[in-house]
Amino acid sequence: MSDDSYNPGQIEPKWREYWISNHLHEARNDDPRPKYYCLDMFPYPSGSGLHVGHWRSYVLPDCWSRYKWLQGFNVLHPMGWDAFGSPAENDAIQKGIHPKVGTQRNVENFKRQLHEIGAMYDWSREVNTTDPDYYKWTQWIFLRMFKAGLAYKTLMPVNWCPSCKTGIANEDVVNGRCERCGTEVTKKELHQWMLRITTYADRLLAGLEELDWPEKVKTMQSNWIGRSEGAEVTFTAIAANGSHHLLKIFTTRPDTLFGATYMVMAPEHPLVTELTLPAHAAGVQAYVEKVKSERDIDRAAKTEKTGVFTGAYAINPVNGEKIPIWIADYVLMSYGTGAIMAVPGHDERDYEFAKKFRLEIREVISSERGVAQESYVGDGTMINSGQFTGTPSEEGKKAIVRWLAGRGLGRATVNYKLRDWVFSRQRYWGEPIPIVHCEKCGAVAVDEKDLPIRLPDVERYQPTGTGESPLAAIQDWVNVPCPKCGGPGKRETDTMPQWAGSSWYFLRYASPRAKDALITEQGKEWLPVDLYVGGVEHAILHLLYARFFTMFLHDIDVVDFEEPFLRLFNQGMITYVGKSGKAEKMSKSKGNVVNPDELVRDFGCDSLRMYELFVGPPELDALWNDNGIQGVHRFLKKAWHWVSMYNGQWKASPSREMLTQRHLLVKNVTERLDTFRMNTIVSSFMEFIGEVTSMKQAPDKETVETFLILIAPFAPHFAEELWQRTGRPPSIFFQRWPVWDEAYTTFDTVTVAVQINGKLRGTIEVRAEAPEESVLEAATKDPAITRFLDGRQIRKKVYVKNRILNLVVG
RNA sequence: GCGAAAGUGGCGGAAUUGGCAGACGCGCUAGACUUAGGAUCUAGUGGGAAACCCCGUGAGGGUUCGAGUCCCUCCUUUCGCACCA
């Protein structure tokens with residue numbers, strides 16, 4: 001094998017070594033260049049290592065970071081570990097390995113594999129959420145939230161995963177199953193730490209507007225927050241014993257209040273027992289019990305409405321009418337007030353229920369088709385509505401609310417689907433919640449100077465299943481004096497969810513080793529994140545929590561911005577055909593992973609990097625093709641050969657066509673980079689090499705160097721090596737991104753398509769920018785075209801300069 | 001059910017503002033070089049036809065000199081949401 005052949009196995013380790021020993025990728029605070037913060041979502045270091053699907057998500061941000069570097073930015077591109085969480089803990093339970101040890105081992109392996117990607121991570125800023133120096137600040141944020149009244153403990157039914165034996169947040173429940181392990185979620189009453197994320201609902205919603213994020217993600221967040229404006233209306237319910245109770249409901253349609261023909265309370269509503277008439281008690285109780293025993297997933301999947309009458313009635317505040325009160329599970333205790341006024345004429349659900357139980361359906365908003373067949377949910381003019389009859393519904397909403405408010409019977413309110421965040425986990429491997437429970441003082445914050453509250457070693461990692469974490473068993477850790485009164489106290493034994501550490505890690509990279517502050521003044525210069533790259537699976541949870549944390553930290557003057565991620569890019573996943581026989585997301589459990597190690601060995605890291613980009617549009621899922629990498633590998637070999645062959649024999653003055661190819665390449669690559677069309681960038685390079693090799697002439701040195709700089713973000717080892725071999729000192733990344741001159745990106749002659757009556761009949765070569773007359777003249781001389789013109793009159797000519805001439809003949 | 005995105009060769013995918021559909025790559029075919037080819041190079045490769053040509057971007061309509069691109073109806077796939085009053 002001659003020295004001139006492309007041998008990635010030799011050059012790649014060499015350049016990685018060079019970058020590291022020269023600290024090339026360490027972002028320096030004293031660098032005068034403008035900052036650019038490019039962030040990859042940090043991984044959970046699992047035991048199974050990286051596959052080509054993971055690779056894809058790291059390649060794009062790395063190319064982008066290298067591009068920004070070449071553009072003259074001081075780039076921060078860090079990496080770290082989201083290392084708390086159940087897999088390490090499950091390993092601990094099963095194999096008795098301390099999670100710290102298992103995590104450490106996985107981190108080593110991940111780091112080795114990430115190294116092979118050739119990415120320019122600044123490892124000097126590595127963070128790990130399980131490091132006490134890191135979680136000290138996670139705990140610190142919690143304490144500040146506690147002091148601000150945003151963290152509170154309350155007894156509430158929570159989603160309980162019987163397999164993980166821990167309470168989990170609403171956000172962790174997907175189709176009634178635990179997001180982590182897939183087990184069906186049940187309910188359990190537990191004292192839980194909660195974070196008042198709902199306080200930030202409006203800001204979380206409003207903040208979305210200015211963000212350069214995919215619309216899809218913004219929509220998902222906005223739906224999750226689920227803001228709806230309406231009114232709280234107070235009905236009077238008459239209990240079995242004749243006593244009166246205020247029964248509050250939430251509605252977005254106060255304009256339909258006159259159409260309320262019954263009311264519904266959720267089965268869990270506190271007034272159920274009180275209101276139910278003795279004659280109905282047995283039925284109601286049976287129904288409530290039945291609903292309770294049902295899992296959420298079944299309750300949601302039910303197709304037909306169920307319910308039971310309480311025997312009690314309520315008085316409609318607008319007309320004094322007595323309407324029956326029902327119990328039904330289509331009303332949820334967790335939203336609004338847990339009770340509704342039912343307006344079957346103008347609500348689909350109420351309509352269905354009313355039909356089934358033969359309740360009155362009353363039309364109070366006029367519409368063409370009425371409410372005989374189905375409910376009418378649109379706007380219209382109010383009818384059958386007392387003094388409001390004739391009012392347009394939009395106006396009526398306000399008018400009725402005003403009327404109610406004047407009598408103390410209602411007010412305008414806003415409701416959110418967003419719930420407060422269940423922040424407790426009854427597991428071992430998480431940040432201890434820095435609270436001490438004192439009999440005298442209640443829940444007391446640990447003194448900030450005592451942070452971090454370290455996670456103690458335990459003998460057994462098993463969740464107890466009783467609602468207490470394994471930490472509860474460690475007496476000498478649990479029993480501590482109350483920080484306030486010094487009396488006997490007990491530490492909180494719940495730990496934080498995995499989301500805690502990942503909700504602010506992007507801030508820590510800015511000053512990862514700061515001892516006295518979460519972020520130093522100098523560190524602030526790096527923030528916020530300019531580009532955040534990661535999978536769409538984090539569209540709601542992680543991104544919402546991270547925004548919430550950031551807004552809070554803004555409010556306590558830790559950071560000076562509210563939105564942490566200015567631009568977001570969602571990468572598509574790699575799919576591959578596994579045992580199921582169809583293309584699915586690559587994962588170990590599906591048996592369809594492709595290991596990058598062999599590909600790196602056979603083709604080199606640069607080939608794999610470029611193929612990961614070439615495989616398809618970055619925002620879409622892409623089907624892995626084992627042979628595909630051959631194409632980019634051949635291209636790199638050809639390109640290598642082209643540079644090597646003419647090395648040292650550069651042409652002094654490049655031909656016009658060589659210049660055109662050079663400038664065209666700069667233009668294509670730059671424009672396509674800015675819109676992330678990475679797959680077509682690889683095509684551009686291939687076309688360029690195809691063109692310049694077919695010229696069979698030596699290139700000038702500038703063209704070769706331009707090519708190398710352009711390809712450096714994508715095939716960095718390749719570019720560095722040839723840069724050096726063509727006689728320039730490393731590193732190529734100290735060069736500047738080239739610019740193109742439009743004067744060269746055009747050709748002297750252009751091919752114009754000639755259509756007759758809209759059908760392509762031929763093409764002609766004309767001088768670029770040629771006027772219409774000369775193009776027409778050339779066309780009418782071309783025999784391939786003239787035979788369609790014979791004896792026919794040209795009725796219309798359409799000429800688009802340099803592109804097409806369409807002749808309409810008759 | 002609601003919302004969003006997407007349907008282009010055997011496959012992955014290209015196509016400024018409507019302007020030569022299928023760039024680039026995989027695969028395939030033929031040839032060259034080879035002891036060999038799963039290396040490399042050259043040529044070809046949407047379908048039909050000997051050819052002139054005809055037909056082709058999920059289906060059907062429409063606008064236009066001209067539609068993958070714009071408008072309407074429908075079908076399929078994927079993803080989100082799913083009793084949130």
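As the structure is a prediction and not an experimental result, all values here were calculated from the model. Just so it is clear: chains get the letters A, B, ... in the order the sequence lines come, proteins before strands, and each one is counted from 1.
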Under the side-chain hydrogen bond (donor to acceptor under 3.5 Å, both in side chains) rule, collect the residues that match up with A:E742, sequence neighbours excluded.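 A:E742 satisfies side-chain hydrogen bond (donor to acceptor under 3.5 Å, both in side chains) with A:K667, A:W740, A:T745 once adjacent residues are dropped.
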
A:S57: what forms a side-chain hydrogen bond (donor to acceptor under 3.5 Å, both in side chains) with it, not counting sequence neighbours?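 Expected list: none.
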
What interatomic distance, in whole Å, is found between [atom1] of [M] and the corresponding atom of [N]?
N	M	atom1	value
B:G68	B:G9	C1'	14 Å
B:C41	B:G58	C1'	40 Å
B:A82	B:G10	P	40 Å

Can you tell which of [options] lies closest to the side chain of [X]?
X	options	result
A:S228	B:G27, B:C20, B:A85	B:A85
A:K305	B:C20, B:C83, B:G80	B:C83
A:I804	B:C54, B:A85, B:G19	B:G19

What's touching nucleotides 37-48 of chain B from the protein side, N or O pairs under 3.5 Å?
unit_1	atom_1	unit_2	atom_2	d
B:U40	OP1	A:K637	NZ	3.4

Tell me which of A:S684 and A:M220 sits closer to the 5' end of RNA chain B, going by the nucleotide each one is nearest to.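 Of the two residues, A:S684 wins.
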
Return the 5'-most residue of the pair A:K759, A:G338 with respect to RNA chain B, ranking by each residue's nearest nucleotide.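 Between the two, 5'-proximity favours A:K759.
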
With sequence neighbours excluded, tell me which residues meet side chain to side chain contact (heavy atoms under 4.5 Å, CB included) with [X].
X	value
A:M645	A:H641
A:V371	A:H346, A:I361, A:E363, A:Y376
A:A539	A:V217, A:M220, A:V536

Starting at the 5' end of nucleotides 11-17 of chain B, put B wherever the base has a protein heavy atom under 4.0 Å, S where only the sugar-phosphate does, and a dash everywhere else. -BSSSBB

With sequence neighbours excluded, give me every side chain to side chain donor-acceptor pair (under 3.5 Å) pair touching residues 801-810 of chain A.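 Listed by first then second residue: A:E769-A:K801, A:E769-A:N802.
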
Parallel, tilted or perpendicular, as decided by the 30° and 60° cut-offs, for the rings of [Y] and [X]:
X	Y	value
A:W640	A:Y6	tilted
A:F353	A:F357	tilted
A:F250	A:Y335	perpendicular

With the threshold set at 4.0 Å, does a side-chain nitrogen-carboxylate oxygen contact exist between A:R369 and A:E374?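 Salt bridge flag = yes for A:E374 with A:R369.
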
Basic-acidic side-chain contact under 4.0 Å: A:E232, A:R411: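 Salt bridge present between A:E232 and A:R411.
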
Cut-off 3.5 Å, no hydrogens considered: what does the side-chain donor-acceptor table look like for residues 616-625 of chain A, sequence neighbours left out?
unit_1	atom_1	unit_2	atom_2	d
A:D621	OD1	A:M573	N	2.8
A:W624	NE1	A:D626	OD1	3.3
A:N625	OD1	A:N627	N	2.9

Scan the side chains in residues 253-260 of chain A for donor-acceptor partners under 3.5 Å anywhere in the protein, sequence neighbours excluded, and list what turns up.
unit_1	atom_1	unit_2	atom_2	d
A:R253	NE	A:D255	OD1	3.0
A:R253	NE	A:D255	OD2	3.2
A:R253	NH1	A:V377	O	3.0
A:R253	NH2	A:D255	OD2	2.9
A:R253	NH2	A:G378	O	3.4
A:T256	OG1	A:R253	O	2.8

Between the protein and nucleotides 63-67 of chain B, which nitrogen or oxygen pairs come in under 3.5 angstrom?
unit_1	atom_1	unit_2	atom_2	d
B:C65	OP1	A:K796	NZ	3.4
B:C65	O2'	A:N806	ND2	3.1
B:C65	O2	A:N806	ND2	2.5

Provide, to the nearest angstrom, the distance between the CD1 atom belonging to A:I711 and the C1' atom belonging to B:C24.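 Between C1' of B:C24 and CD1 of A:I711: 14 Å.
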
Return the value, rounded to whole Å, for the distance between atom CD1 of A:I340 and atom P of B:A85.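 Distance check: A:I340 CD1 to B:A85 P gives 11 Å.
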
Per-nucleotide pairing state of RNA chain B [Watson-Crick or G-U, under 3.5 Å; [ ] pseudoknot-crossing; | other strand]: (((((((..(((......[....)))((((((.......))))))(((....)))..(((((..]....))))))))))))....

A:T306 backbone acceptor or donor facing A:Y287 side chain under 3.5 Å: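 Yes, A:Y287 side chain to A:T306 backbone: donor-acceptor pair under 3.5 Å.
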
